Amino acid sequence: MTDRAFWEAKYKNNETGWDRGDFSPALTKWLETLEPCRILVPGCGRGHEVIELARRGFDITAVDIATPAIDHMQAMLEKEKLTATLIHGDLFEIELPPFDAIYEQTCLCAIQPSQWKEYEAWLYNHLKPGGQLLALFMQTGAEGGPPFHCDLSEMKPLFDESRWQWPESAGDAVVHPSGRHELAHLLKRKL
Ligand SMILES: C[S@@+](CC[C@H](N)C(=O)[O-])C[C@H]1O[C@@H](n2cnc3c(N)ncnc32)[C@H](O)[C@@H]1O
């Protein structure tokens with residue numbers, strides 16, 4: 001099964017336990033300090049965060065590999081007469097001019113760990129120097145996936161300090177209705 005078929009089947013069978021049905025409190029917190037800017041949302045899913053960013057006047061580009069996710073988001077945008085650039089495709093095949101900010105909500109945990117380094121490079125190359133990446137690292141504590149457990153002991157070398165500035169504080173735990181949680185870390189791309 002291709003990645004696209006895998007994710008499309010998840011949406012068609014409503015096996016979307018990751019979907020909160022609303023935007024994440026992690027986004028609400030980030031929006032206390034983030035001014036409207038050009039922002040990228042990879043693996044956006046049904047796009048609840050995309051809708052909230054559009055309501056607040058951000059210039060958004062959202063990417064997802066699954067048609068039902070993109071269709072759902074398009075319908076929500078039309079319903080509220082909002083705009084965003086939606087790209088249906090495999091992010092690894094997409095190259096865009098760098099953004100001011102990236103909202104990474106559990107796309108990393110959806111990608112095979114063998115591709116994590118490639119994904120980190122993709123994020124780095126899609127962010128302007130000094131740009132912010134809000135990374136929500138999924139914590140499952142389990143083997144296998146998706147979702148793959150994003151242990152901080154692996155995230156630190158993946159998002160290496162030579163390329164990323166990490167916050168001094170420990171990440172906020174963002175609780176999910178499924179009982180799992182994510183660790184939110186606001187990283188900054190170094191020059
Ligand atoms: C765990 S879900 C998270 C969705 C959304 N961010 C949320 O939190 O509700 C992962 C998403 O990444 C998408 N995805 C997985 N691999 C992808 C790829 N290579 N390119 C683009 N999207 C991808 C899936 O279709 C799915 O919507």
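Atom set for the values below is all heavy atoms of this structure, side chains included, hydrogens, waters and symmetry mates excluded. Quick caveat, the model's predicted, so the values are computed rather than measured. In listed order, ligands and their atoms are each counted from 1.
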message: Side chains of H88 and D64, heavy atoms from C-beta outward: is any pair under 4.5 Å?
response: no
task: Any chance you could lay out the salt bridge (Lys or Arg N to Asp or Glu O under 4.0 Å) test for D19 and R46, step after step, and finish with the verdict?
output: CA-CA 8 Å; D19 190 325; R46 293 195 179 102; 2.7 Å; yes
message: Would K156 pass as a cation-pi partner of W166, given that its NZ or CZ must be under 6.0 Å from the six-membered ring centre and within 45 degrees of the axis?
response: yes
message: List the protein residues in contact with ligand 1, where contact means a heavy-atom separation under 4.0 angstrom.
response: W7, Y11, W18, G43, C44, G45, D64, I65, A66, G89, D90, L91, Q105, T106, A110
message: Side chains of L40 and V63, heavy atoms from C-beta outward: is any pair under 4.5 Å?
response: yes
- request: May I ask you to decide whether R20 forms a salt bridge with E182, counting only side-chain N to carboxylate O separations under 4.0 Å?
  value: yes
- line: To the nearest 0.5 Å, atom CD of E95 lies from atom CH2 of W122 at 10.5 Å
